[in-house]
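Chain identifiers are assigned alphabetically (A, B, ...) following the order of the sequence lines, protein sequences preceding nucleic acid strands; residue numbering begins at 1 within each chain. The figures here come from the full heavy-atom set of this structure, side chains too, leaving out hydrogens, waters and symmetry mates.
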There are 2 protein chains.
Amino acid sequence: MSKSLLQLTPVEAVACCSPVTREPLTADAAERIAPLVKAIADPVRLRLLSIVASHADGEACVCDLNDAFDLSQPTISHHLKLLHEAGLLEREKRGVWVYYRVNAAALGDLSALLGGVGA
Amino acid sequence: MSKSLLQLTPVEAVACCSPVTREPLTADAAERIAPLVKAIADPVRLRLLSIVASHADGEACVCDLNDAFDLSQPTISHHLKLLHEAGLLEREKRGVWVYYRVNAAALGDLSALLGGVGA
DNA sequence: CATCGATATTGACAGATGTCGATGTCATGG
DNA sequence: CCATGACATCGACATCTGTCAATATCGATG
(Lines give C-alpha, C1' and ligand atoms only; values in the text may rest on other atoms or scores of the structure.)
Protein backbone atom coordinates (compact mmCIF):
# COMPACT_ATOMS: atom_id res chain seq x y z
CA MET A 1 0.00 0.00 0.00
CA SER A 2 2.97 2.25 0.43
CA LYS A 3 3.95 4.43 -2.44
CA SER A 4 6.91 3.31 -4.49
CA LEU A 5 10.12 5.12 -3.81
CA LEU A 6 9.86 7.06 -7.03
CA GLN A 7 6.50 8.47 -6.07
CA LEU A 8 7.69 9.93 -2.82
CA THR A 9 8.23 13.64 -2.57
CA PRO A 10 11.83 14.51 -1.72
CA VAL A 11 10.75 15.30 1.79
CA GLU A 12 9.21 11.90 2.34
CA ALA A 13 12.26 10.19 0.93
CA VAL A 14 14.55 12.01 3.33
CA ALA A 15 12.81 11.54 6.63
CA CYS A 16 14.49 8.22 7.19
CA CYS A 17 18.18 9.04 6.95
CA SER A 18 20.82 9.43 9.59
CA PRO A 19 22.81 12.66 9.77
CA VAL A 20 25.21 13.37 6.98
CA THR A 21 28.13 13.56 9.36
CA ARG A 22 27.48 10.24 11.06
CA GLU A 23 28.13 7.83 8.24
CA PRO A 24 28.81 8.09 4.54
CA LEU A 25 25.69 8.66 2.50
CA THR A 26 24.98 5.97 -0.02
CA ALA A 27 24.71 7.06 -3.61
CA ASP A 28 21.00 6.33 -3.47
CA ALA A 29 20.44 8.37 -0.35
CA ALA A 30 22.35 11.28 -1.84
CA GLU A 31 20.25 11.15 -4.97
CA ARG A 32 17.11 11.32 -2.87
CA ILE A 33 18.29 14.11 -0.61
CA ALA A 34 19.82 16.39 -3.24
CA PRO A 35 16.49 17.41 -4.83
CA LEU A 36 15.25 18.61 -1.46
CA VAL A 37 18.35 20.70 -0.96
CA LYS A 38 18.13 22.00 -4.51
CA ALA A 39 14.63 23.18 -3.72
CA ILE A 40 16.00 25.70 -1.24
CA ALA A 41 19.22 26.43 -3.11
CA ASP A 42 17.94 29.64 -4.62
CA PRO A 43 17.62 33.08 -3.04
CA VAL A 44 14.07 33.60 -4.26
CA ARG A 45 12.89 30.25 -2.91
CA LEU A 46 14.68 30.82 0.40
CA ARG A 47 12.82 34.08 0.77
CA LEU A 48 9.50 32.56 -0.28
CA LEU A 49 9.90 29.82 2.28
CA SER A 50 10.91 32.32 4.92
CA ILE A 51 8.07 34.68 4.18
CA VAL A 52 5.49 31.92 4.30
CA ALA A 53 6.99 30.40 7.44
CA SER A 54 7.07 33.63 9.37
CA HIS A 55 3.75 34.92 8.12
CA ALA A 56 0.83 35.41 10.46
CA ASP A 57 -1.32 32.24 10.69
CA GLY A 58 1.58 30.34 9.15
CA GLU A 59 0.22 30.79 5.68
CA ALA A 60 0.55 33.32 2.92
CA CYS A 61 -1.47 34.13 -0.15
CA VAL A 62 0.25 34.09 -3.51
CA CYS A 63 -0.93 37.64 -3.99
CA ASP A 64 1.18 38.69 -0.99
CA LEU A 65 4.18 36.80 -2.26
CA ASN A 66 4.07 38.32 -5.71
CA ASP A 67 4.27 41.77 -4.23
CA ALA A 68 7.34 40.95 -2.19
CA PHE A 69 9.50 40.44 -5.26
CA ASP A 70 10.53 42.34 -8.30
CA LEU A 71 9.80 39.32 -10.46
CA SER A 72 7.02 38.36 -12.81
CA GLN A 73 4.01 36.46 -11.54
CA PRO A 74 4.88 33.32 -13.57
CA THR A 75 8.34 33.27 -12.05
CA ILE A 76 7.00 33.32 -8.52
CA SER A 77 4.46 30.68 -9.45
CA HIS A 78 7.28 28.56 -10.83
CA HIS A 79 9.32 28.78 -7.64
CA LEU A 80 6.29 28.00 -5.50
CA LYS A 81 5.66 24.96 -7.64
CA LEU A 82 9.19 23.69 -7.05
CA LEU A 83 8.89 24.17 -3.30
CA HIS A 84 5.52 22.43 -3.36
CA GLU A 85 6.78 19.50 -5.40
CA ALA A 86 9.70 19.09 -3.02
CA GLY A 87 7.17 18.78 -0.21
CA LEU A 88 8.29 21.90 1.60
CA LEU A 89 5.16 23.95 0.95
CA GLU A 90 1.57 22.84 1.13
CA ARG A 91 -0.97 24.34 -1.18
CA GLU A 92 -4.59 25.17 -0.54
CA LYS A 93 -6.99 26.96 -2.81
CA ARG A 94 -9.72 28.97 -1.12
CA GLY A 95 -11.98 30.76 -3.51
CA VAL A 96 -9.93 32.69 -5.98
CA TRP A 97 -6.85 32.75 -3.81
CA VAL A 98 -4.18 30.17 -3.18
CA TYR A 99 -2.49 29.89 0.19
CA TYR A 100 0.79 28.19 0.95
CA ARG A 101 2.04 26.98 4.29
CA VAL A 102 5.30 25.30 5.22
CA ASN A 103 5.57 21.63 5.96
CA ALA A 104 7.15 22.09 9.35
CA ALA A 105 8.46 18.55 9.63
CA ALA A 106 10.22 18.88 6.32
CA LEU A 107 12.57 21.66 7.28
CA GLY A 108 13.16 19.91 10.56
CA ASP A 109 14.17 16.69 8.88
CA LEU A 110 16.49 18.52 6.56
CA SER A 111 17.99 20.46 9.42
CA ALA A 112 18.55 17.28 11.40
CA LEU A 113 20.11 15.67 8.40
CA LEU A 114 22.73 18.37 8.28
CA GLY A 115 23.23 19.19 11.90
CA GLY A 116 22.94 15.77 13.35
CA VAL A 117 21.07 17.08 16.38
CA GLY A 118 18.59 14.27 16.02
CA ALA A 119 19.32 10.66 16.98
CA MET B 1 40.18 45.40 9.55
CA SER B 2 37.29 43.11 8.86
CA LYS B 3 36.93 41.67 5.43
CA SER B 4 34.37 43.28 3.20
CA LEU B 5 31.16 41.41 2.78
CA LEU B 6 32.08 40.35 -0.69
CA GLN B 7 35.26 38.68 0.52
CA LEU B 8 33.49 36.49 3.02
CA THR B 9 33.03 32.84 2.22
CA PRO B 10 29.38 31.86 2.14
CA VAL B 11 29.81 30.21 5.49
CA GLU B 12 31.11 33.36 7.15
CA ALA B 13 28.32 35.37 5.66
CA VAL B 14 25.68 33.08 7.07
CA ALA B 15 26.76 32.70 10.66
CA CYS B 16 24.93 35.84 11.69
CA CYS B 17 21.38 35.16 10.56
CA SER B 18 18.30 34.21 12.49
CA PRO B 19 16.38 31.10 11.48
CA VAL B 20 14.55 31.14 8.22
CA THR B 21 11.25 30.45 9.90
CA ARG B 22 11.48 33.22 12.44
CA GLU B 23 11.35 36.27 10.23
CA PRO B 24 11.39 36.94 6.51
CA LEU B 25 14.84 36.80 5.02
CA THR B 26 15.96 40.01 3.44
CA ALA B 27 16.93 39.82 -0.19
CA ASP B 28 20.54 40.41 0.82
CA ALA B 29 20.54 37.64 3.37
CA ALA B 30 18.99 35.24 0.89
CA GLU B 31 21.65 36.10 -1.68
CA ARG B 32 24.33 35.33 0.87
CA ILE B 33 22.80 32.08 2.11
CA ALA B 34 21.84 30.58 -1.23
CA PRO B 35 25.43 29.90 -2.40
CA LEU B 36 26.04 27.89 0.74
CA VAL B 37 22.96 25.80 0.12
CA LYS B 38 23.85 25.44 -3.53
CA ALA B 39 27.19 24.02 -2.43
CA ILE B 40 25.43 21.00 -0.94
CA ALA B 41 22.64 20.82 -3.51
CA ASP B 42 24.29 18.05 -5.48
CA PRO B 43 24.38 14.33 -4.76
CA VAL B 44 28.11 14.04 -5.38
CA ARG B 45 28.92 16.92 -3.06
CA LEU B 46 26.57 15.61 -0.40
CA ARG B 47 28.40 12.31 -0.49
CA LEU B 48 31.82 13.98 -0.50
CA LEU B 49 30.86 16.00 2.54
CA SER B 50 29.44 12.96 4.24
CA ILE B 51 32.45 10.79 3.50
CA VAL B 52 34.87 13.38 4.78
CA ALA B 53 32.78 14.12 7.86
CA SER B 54 32.43 10.51 8.88
CA HIS B 55 35.96 9.50 8.00
CA ALA B 56 38.41 8.39 10.67
CA ASP B 57 40.38 11.34 12.05
CA GLY B 58 37.78 13.62 10.52
CA GLU B 59 39.77 14.02 7.37
CA ALA B 60 40.04 12.27 4.04
CA CYS B 61 42.61 12.22 1.28
CA VAL B 62 41.52 13.11 -2.22
CA CYS B 63 42.88 9.77 -3.30
CA ASP B 64 40.28 8.06 -1.10
CA LEU B 65 37.51 10.25 -2.41
CA ASN B 66 38.29 9.63 -6.05
CA ASP B 67 37.94 5.91 -5.50
CA ALA B 68 34.50 6.29 -3.95
CA PHE B 69 32.96 7.58 -7.16
CA ASP B 70 32.57 6.50 -10.71
CA LEU B 71 33.60 9.93 -11.89
CA SER B 72 36.74 11.38 -13.35
CA GLN B 73 39.39 12.87 -11.11
CA PRO B 74 38.87 16.40 -12.46
CA THR B 75 35.18 16.17 -11.67
CA ILE B 76 35.83 15.22 -8.06
CA SER B 77 38.42 17.96 -7.84
CA HIS B 78 35.86 20.41 -9.15
CA HIS B 79 33.27 19.45 -6.55
CA LEU B 80 35.82 19.62 -3.76
CA LYS B 81 36.75 23.08 -4.92
CA LEU B 82 33.15 24.23 -4.70
CA LEU B 83 32.77 22.83 -1.20
CA HIS B 84 36.04 24.45 -0.19
CA GLU B 85 35.11 27.83 -1.65
CA ALA B 86 31.79 27.70 0.17
CA GLY B 87 33.73 27.26 3.39
CA LEU B 88 32.37 23.82 4.14
CA LEU B 89 35.62 21.92 3.60
CA GLU B 90 39.09 22.89 4.73
CA ARG B 91 42.05 21.95 2.64
CA GLU B 92 45.53 20.91 3.72
CA LYS B 93 48.36 19.69 1.56
CA ARG B 94 50.79 17.29 3.19
CA GLY B 95 53.51 16.11 0.90
CA VAL B 96 51.99 14.87 -2.28
CA TRP B 97 48.57 14.35 -0.80
CA VAL B 98 45.75 16.75 -0.09
CA TYR B 99 43.44 16.22 2.86
CA TYR B 100 40.02 17.72 3.38
CA ARG B 101 38.14 18.09 6.63
CA VAL B 102 34.73 19.57 7.34
CA ASN B 103 34.22 22.95 8.88
CA ALA B 104 32.04 21.68 11.70
CA ALA B 105 30.61 25.07 12.57
CA ALA B 106 29.53 25.62 9.02
CA LEU B 107 27.10 22.73 8.79
CA GLY B 108 25.87 23.63 12.24
CA ASP B 109 25.12 27.19 11.25
CA LEU B 110 23.31 26.04 8.17
CA SER B 111 21.34 23.49 10.13
CA ALA B 112 20.35 26.08 12.71
CA LEU B 113 19.34 28.44 9.96
CA LEU B 114 16.86 25.90 8.67
CA GLY B 115 15.71 24.25 11.83
CA GLY B 116 15.61 27.17 14.13
CA VAL B 117 16.90 25.10 17.02
CA GLY B 118 19.29 27.91 17.90
CA ALA B 119 18.22 31.18 19.47
C1' DC C 1 -23.25 33.93 -19.71
C1' DA C 2 -19.71 37.51 -20.35
C1' DT C 3 -16.23 39.48 -17.96
C1' DC C 4 -12.63 40.07 -14.59
C1' DG C 5 -9.04 38.99 -11.60
C1' DA C 6 -5.96 35.42 -9.43
C1' DT C 7 -3.03 31.84 -10.43
C1' DA C 8 -0.95 28.20 -13.41
C1' DT C 9 1.05 26.54 -17.74
C1' DT C 10 3.61 26.95 -22.02
C1' DG C 11 7.40 28.16 -25.02
C1' DA C 12 11.53 30.49 -25.70
C1' DC C 13 15.96 31.96 -24.39
C1' DA C 14 20.31 33.26 -21.92
C1' DG C 15 23.24 31.84 -18.51
C1' DA C 16 24.73 28.47 -14.98
C1' DT C 17 26.21 23.70 -13.98
C1' DG C 18 28.20 18.91 -14.26
C1' DT C 19 31.11 16.24 -16.84
C1' DC C 20 35.16 14.84 -19.43
C1' DG C 21 39.88 14.69 -21.85
C1' DA C 22 43.98 17.16 -22.14
C1' DT C 23 47.27 19.61 -19.86
C1' DG C 24 49.62 22.09 -16.04
C1' DT C 25 51.89 22.13 -11.36
C1' DC C 26 54.49 20.44 -7.87
C1' DA C 27 56.73 17.27 -4.53
C1' DT C 28 59.13 12.95 -4.32
C1' DG C 29 62.33 9.24 -5.73
C1' DG C 30 65.73 7.40 -8.71
C1' DC D 1 67.58 16.50 -13.40
C1' DC D 2 64.42 13.55 -15.21
C1' DA D 3 60.45 10.56 -14.43
C1' DT D 4 56.39 9.63 -11.78
C1' DG D 5 52.31 10.16 -9.38
C1' DA D 6 48.80 13.30 -6.98
C1' DC D 7 46.04 16.88 -7.65
C1' DA D 8 44.40 21.28 -10.04
C1' DT D 9 43.18 23.93 -14.06
C1' DC D 10 41.51 24.62 -18.76
C1' DG D 11 38.44 24.25 -22.67
C1' DA D 12 34.58 22.18 -24.62
C1' DC D 13 30.14 20.37 -24.49
C1' DA D 14 25.38 18.86 -23.21
C1' DT D 15 22.05 19.62 -19.92
C1' DC D 16 19.65 22.08 -16.35
C1' DT D 17 17.78 26.43 -14.45
C1' DG D 18 15.73 31.04 -13.89
C1' DT D 19 13.30 34.32 -16.23
C1' DC D 20 9.82 36.45 -19.11
C1' DA D 21 5.72 37.28 -22.36
C1' DA D 22 1.80 35.08 -23.93
C1' DT D 23 -1.86 32.29 -22.94
C1' DA D 24 -4.84 29.08 -20.42
C1' DT D 25 -7.76 27.91 -16.33
C1' DC D 26 -10.97 28.75 -13.05
C1' DG D 27 -13.90 31.18 -9.41
C1' DA D 28 -16.63 35.08 -8.52
C1' DT D 29 -19.56 38.71 -9.88
C1' DG D 30 -22.61 41.47 -12.52
In Å, rounded to the nearest 0.5 Å, how long is the span from [atom1] of [X] to [atom2] of [Y]?
X: B:T75; Y: B:N66; atom1: OG1; atom2: CG; answer: 9.5 Å
X: A:R94; Y: A:E92; atom1: CZ; atom2: CD; answer: 4.5 Å
X: B:N103; Y: B:H84; atom1: CG; atom2: NE2; answer: 11.0 Å
X: B:I76; Y: B:L71; atom1: CD1; atom2: CG; answer: 5.0 Å
X: A:K38; Y: B:D42; atom1: NZ; atom2: CG; answer: 5.0 Å

Closest to the [X] side chain: [options]?
X: B:S77; options: D:dA8, C:dT7, C:dA8; result: D:dA8
X: B:V44; options: C:dG18, D:dT9, C:dT19; result: C:dT19
X: A:H79; options: D:dG18, D:dA8, C:dT7; result: D:dG18
X: A:V96; options: D:dA6, D:dG18, C:dA6; result: C:dA6

What is the distance, rounded to the nearest whole Å, between atom [atom1] of [X] and atom [atom2] of [N]?
X: A:L83; N: D:dG18; atom1: CG; atom2: C1'; result: 14 Å
X: A:L80; N: D:dT19; atom1: CG; atom2: C1'; result: 15 Å
X: A:L82; N: C:dA8; atom1: CG; atom2: P; result: 12 Å
X: A:L65; N: C:dA6; atom1: CG; atom2: P; result: 14 Å
X: B:W97; N: C:dC26; atom1: CH2; atom2: P; result: 18 Å
X: B:E85; N: C:dA16; atom1: CD; atom2: P; result: 15 Å
X: A:D42; N: D:dC16; atom1: CG; atom2: P; result: 18 Å
X: A:Y99; N: C:dA6; atom1: OH; atom2: P; result: 12 Å

Would you indicate, yes or no, if D:dT9 has its OP1 or OP2 atom less than 4.0 angstrom from a side-chain nitrogen or oxygen of B:K81?
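Indeed, a polar side-chain atom of B:K81 lies that close.
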Side-chain N or O of A:R45 closer than 4.0 Å to phosphate OP1/OP2 of D:dG18:
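Yes, A:R45 has a side-chain N/O under 4.0 Å of OP1/OP2 on D:dG18.
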Working for side-chain contact (heavy atoms from CB on, under 4.5 Å), residues B:L88 and B:R45
CA-CA 11 Å; B:L88 288 166; B:R45 293 197 290 275; over 6 Å; no
Over all atoms of both residues, closest heavy-atom pair of B:A106 and B:G87
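That would be CB-O, 4.0 Å.
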Are there any protein N/O atoms within less than 3.5 Å of an N/O atom in nucleotides 20-24 of chain C, and if so, which ones and at what distance?
unit_1	atom_1	unit_2	atom_2	d
C:dC20	OP2	B:S72	N	2.8
C:dC20	OP2	B:S72	OG	2.9
C:dC20	OP2	B:T75	OG1	2.7

Heavy atoms only, 4.0 Å cut-off, all strands: where does A:R91 land among base, sugar-phosphate and nothing?
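If one applies the 4.0 Å heavy-atom cut-off, A:R91 turns out to touch the sugar-phosphate alone, with no base involved.
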At 4.0 Å (heavy atoms only), tell me whether B:Y100 reaches a base, stays on the sugar-phosphate, or touches nothing.
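The answer is sugar-phosphate, as B:Y100 gets under 4.0 Å only of primed atoms, P, OP1 or OP2.
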Name the residue closer to the 5' end of DNA chain C, choosing between A:K38 and A:D64 according to the nucleotide with the nearest heavy atom.
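Result of the comparison: A:D64.
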